[in-house]
Structure formats: structure tokens, C-alpha cells
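As C-alpha cells, the structure follows; a few thoughts come after it.
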Amino acid sequence: MIQNDFPGKGKNEEERSLNFIEQIITEDIRSGKNESRVHTRFPPEPNGYLHIGHAKSICLNYGLAEKFNGLYNLRFDDTNPLTEEIEYVDSIMEDVRWLGYDWEDRLYYASDYFEQLYGWAEKLIGKGKAYVCELSAEEISAHRGTPTRPGTESPYRNRSVEENLSLFRQMRNGDFKEGEKVLRAKIDMSSPNMHMRDPVLYRIIHATHHRTGDKWCIYPTYDYAHGQSDSIEGITHSICTLEFEVHRPLYDWFISELEIFPSRQIEFARLNLSYTIMSKRKLLQLVREGHVAGWNDPRMPTISGLRRRGYTPESIRYFADRIGVAKRDNVIDVALLEHSVREDLNKKATRVMAVLNPVRVVLTNYPEGESEEVDAVVNPEMPELGKRKVPFSREILIERDDFMEDPPRKFFRLAPGREVRLKYAYIIKCEEVVKNSRGEITEIRCTYDPLTRSGLPDANRKVKSTIHWVSAPHGREVEVRLFDRLFLKEDPDEVEEGKDFKSNLNPDSLKVTKGYISSGIGNAVTLDKFQFERLGYFCVDPDSTPQKPVFNRTVTLRDAWARIGKNQ
RNA sequence: UGUCCUGUGGUGUAAUUGGCAACACGUCUGACUCUGGAUCAGAAGAGUCCAGGUUCGACCCCUGGCAGGACAACCA
């Protein structure tokens, strides 16, 4: 239902080739595997906010289920009470829902399965496939060897089933201190795959869990919990990122030893975005150290940040679709993300005229004290939305950038002796420039041609350009927040010796300024989107009040003139 | 000096699974335009990491290199 609601998707859907995961699923359906059922899941750990990389995963997992008429779950991977919080659970649900996905009644928590998982652990012990180990964390690590050197077996490895069972039950009972004992699988300490060297299944953590409270003091590790949770839920295709590829043999080992439903793990390459960091740890650091205003700071690549920035769910889903899915490491150009919002907002955003860096223009032949209203379209992409009225008068504000006293050849806008069209209004001609003692332009004096008012029969005289404007007495002052990329470098992690990613922070990533709006924002509420004509897309920030509107710049318009400037 | 994964225009993804490389973003032209936006038309840009091999024919298969990534939490 939400699949085909953005441009570029839909019409060619049939012809588009399948990505490698779709090919696997298509083949599984064809062969009748799992009764040709498709069931996926998105399994976030509630220890941080979701970011655009998670959006890729959500769109992938859920999009696949939709495409193949399957189901999808939301499951919190909450096996570590030390780092997980209910605040994150809530934000994650909000973000997934906002993206446009509905997991219906299929909301699960790994913690729901603790009892089952525990039972299976006893089963492994019974089979002689797991044992209680009393080595310290450091010792276990040392015994594990290195990727190039085999490990050595724990002295506790060959305890009897009975002893393991009673020890494990004591662990559950809380008879031991943290770190004193763990339950490990008994696999192969000389395996070339580190994850098969007797991985830890359970550790003792005397902490209150956000859902199970104090019921448990032993908690399953990721490896022991994740695959089995998939299995319990009947997940057919468990899609995760590349770093879990080496875990797959272990994932399969549990399925085989426990003889449970065989979910299949498939790995894809996580999203990397230029000029952006995606590490939860680093994002948390930016928040904690105050480099940004919070998880939902509009400069953050978090879903909540993008939402506040003015991104739409459709634009993010479109983006996720465009970037594709594969197994090789990739860095997507932020320009594609920006293209995605422009694409969507161009069709949706109400047009409004606003001047952010004003210079006063006086129309010397316009009667003093008078004003009128001109018609402006609400959105040229949707003519059916009709027109809006914009006040016009003798004194107006235009963008300082739209005037040059000594213009270069390719500058089409206002200059001494030159004419431009004031959008929706008249053609004006610059007659005189007024400066202060410092030589700064304080006022531009022009004449207007009354016969050229938009809509009039003789109004269509050719001029080099059309500029936006705001009637000075009618202009409404608003706060505007201009965002730029958070980092100066394409790869923020590329740093000199001894420095970290924060040294690449862009000091000018946020510029707060005043702007003047002509009309048309009405009673705009938080996150309402507008196009400030010729400037970019803006949305109402939650800080906004009716007395003091605040706008965030989502993204600028493509700007050919700016590109000319850059190339010179 | 182990195991696994990956290597296609600037970026990302394709190539119906052996028939001389397509699409998107970006870039650059031009048209149109009361947004230097949008739209439309077009262009440049890779011969598929390298070297062999199989084949009438290889991005695709084989061998050997090279390069990048992942793995040594009681994180996920």
C-alpha cells in the first residue's frame, strides 16, 4: 500500500532486476521452501536512536515482506540490560511507524523468550554441548587465541552434565557474582572461525531489565538469543549486516543442535553516507558532548533528526530504494539523499516568498502609502491548489544576492540600469543605488512599469530573470535556521594522528538568521513544509510559536548560478 | 601472515545467470520557463582489479595473484 507512492517506483517495478536477496527469496518461493512463506523482521537493540542506516534495513526487511506478500515483525533485541532503555524503545517505535510501516500485532522482545532460551540451554548442556566455565573474561579471551592462532581449551570444559546443570541452575538462582561464571557452548577451540571457539551463551548480570525487571540475573548473549528468536518467530529470511557474516556458522550450529525452525541468515552491506557518521557510539558522543542539540538535531542522520529537518517518510523510502542492496562496502553520496527530498517536496510543498538576506528597494513611481494584492500560485506542480494573495507596496525587500552593482556577464539579476521581473508582480528597473558612509548598499531605487503586472495583456515582456521579494511593511519576521553538512570531510573518520572525527566537525553547520515572509504560511504547524521560492525547502520547527515562527531549511534548491560561481 | 566476504563509469546498483555493459545520482550542453527550480532533449564518462586458462564467445566459469573489508566484548 505504501510501496508505490513515490516517483521512480511502481511503473517499472516489473522490469527492474532483482537484487541478490530478492533472487534468493524468489528461488525459495519457487522451490516451496517454508511453504513459500516469507517472514522478515527488524531487530533493533534499544540502546540508541535509529538513523538513516537503520532506515535502509527497515525498508529492506519490511519492503521485502510486502513485495512477496509476507509478514514482518518488530523485535527488540534486548538482551543487555546495562545499555538498554525504555526511552529508546519508544523512539524506535515512533520512527518505524513514521516511516510508514505497521507491524500490527507482531511486536516482540527477545526478553519474551528468556524462559525458552534458558530451556534450550539446559538441552545443550544435556547433550554435552555446553558447559559452565569459571575462567575470568580476561582468561577466556586469552584462551581464545587469535585469528591466526588456535585457542586452548578451558579447564572446565569437560565437567559432567550433572555438574554443569546444577551450576547453571545456581547461576540462574543468583548464587554467583557477576563475571564469576558463564555458560559456553562446547564447539571447537581450534576453529579458524573465532566465533566457534566455545562462545559465551550466558553471562551473569545483576541488573534490572527494562521489561523483565529483576526476574533474571543471567542474560543470553547476542549469538545465543538472536537466531533462536528468529526461529521462534518463524522468520524465514533473517537479514542483517555484513559484520555478522562470520557469525553465520554459529547461527546455523544452534539451529542444528537444537533442532528448531531453520531461519536463514542473509547479510548485506550497511549504508555509509558521505559527510556523515553512522556509528551509534559516535552519534551518542555528539549528543552527550553537546556538539548537537540532541538526537533529533536536524543535522543528525537520525530518523528523528531528518524528520525535524523536514524530510518526509516517502523521500527516505525512495532513497532506500534507489541505493540498492549488495554485499560490497559502499559510500552513498549525500547528494542522492538531498535529491530524494527535493524530488518529493517539489510536488508537495506550498510555495511562499521569503527574503533571508534583505536589501530595501523603493519603487519611486509607486504611489506612497498605497498597497495592493497580487496573485501567486500555491504550487505550480499542483495547479488545482489555486492561488494565494501576496501584498505588494512601494517598499519591498529583495535578496542582497539578487543585486550586483558591477555584475559579471552571466549574472542575470538586478543591476544598475537593468530590468527584472518581481515574481507575480511587476517588472522593475534599477535607477539608483544608495550607500552609507562605509560604502554598503542601503537602498536600491527603482521604477516599476504598471503595465507589466502579472496577468495583464502586455505583461509578457522578456526580462533576463525573475526574482522573489517581500513587501517591506507587510513582511513578517521569522527565525530561520540554515543547516549545512555536519562534517567538512567526505569521510569524517579521516583524521590526522591523535585527532578524532570531531576535528572534522563543520563549525558553520548551523546558521541562525532572520527572514521575512510575505504571506501564505497561515497557521502553519510543526513540520509543515514550504518552498521558499528560489531558496529551498523549509519546515516549521517544533520550537516555533505563533508569535515567533521558526523555520528549518531542509535543503536548498538546485542552484545553477551557485554552480557557475563554484566553477570559477 | 588464519578463515570468510567483496572488487563493474566520479558515486551507487544492473546485465534475465556465457552472447562485446544498462539505469539512477552527479557533471556538462541545449530547449522551455514569471523559481538560474521543475520539465524536456542530448553529451561526456567504465571495456568490468591484474595475469593466465576453458570457450566460437567471459563482467559472469577455472587457476594464481593483487587490493579492500570483517572476525580475537561475558556489545549487538
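Residue numbers start from 1 in every chain, and the chains themselves are labelled A, B, ... in the order their sequence lines are given, proteins ahead of strands. Keep in mind the model is a prediction, meaning the values are calculated, not measured.
At the heavy-atom level, A:A137 lies under 4.0 Å from base atoms of the strands shown. Among the heavy atoms of the strands, none lies under 4.0 Å from A:Y219. Using a 4.0 Å heavy-atom distance criterion, A:N47 is classed as making no nucleic acid contact. A:T221 comes within contact range of the sugar-phosphate backbone alone, with a heavy-atom separation under 4.0 Å but no base atom that close. Within 4.0 Å (heavy atoms only), A:H226 reaches no atom of the nucleic acid at all. Looking at heavy-atom distances under 4.0 Å, A:G48 makes no contact with the nucleic acid at all.
Residues A:C446 and A:C430 share a closest heavy-atom pair of SG-CA, 3.6 Å. Summarising the geometry of A:R342 relative to A:L557, their closest heavy-atom pair is NE-C, 3.9 Å, with the distance given to 0.1 Å. Nearest heavy atom pair, residue A:P44 against residue A:L74, reads CD-CD1, 3.9 Å.
Regarding A:L242, its CG atom lies at a distance of 8 Å from the P atom of B:U6, rounded to whole Å. Atoms OH (A:Y88) and P (B:A76) sit 16 Å apart, rounded to a whole Å.
Between A:S141 and A:R342, the residue anchored nearer the 5' end of RNA chain B, judged by the nucleotide with its closest heavy atom, is A:R342.
At a cut-off of 3.5 angstrom, the base of B:A76 holds at least one donor-acceptor pair with the side chain of A:H247. Taking only distance into account, the side chain of A:R421 never meets the base of B:U33 through a donor-acceptor pair shorter than 3.5 Å.
Using a cut-off of 4.0 Å between Lys/Arg side-chain N and Asp/Glu carboxylate O, A:E419 and A:R461 are scored as salt-bridged.
One finds no side-chain N or O of A:T83 lying less than 4.0 angstrom from the OP1 or OP2 phosphate oxygen of B:A76.
Shown here, B:A70 is classed anti by the O4'-C1'-N9-C4 or O4'-C1'-N1-C2 angle, which is more than 90° from 0.
RNA chain B forms stems at B:2-7 with B:66-71, B:10-13 with B:22-25, B:27-31 with B:39-43, B:49-53 with B:61-65, each a run of 3 or more consecutive Watson-Crick or G-U wobble pairs whose two key distances fall under 3.5 Å.
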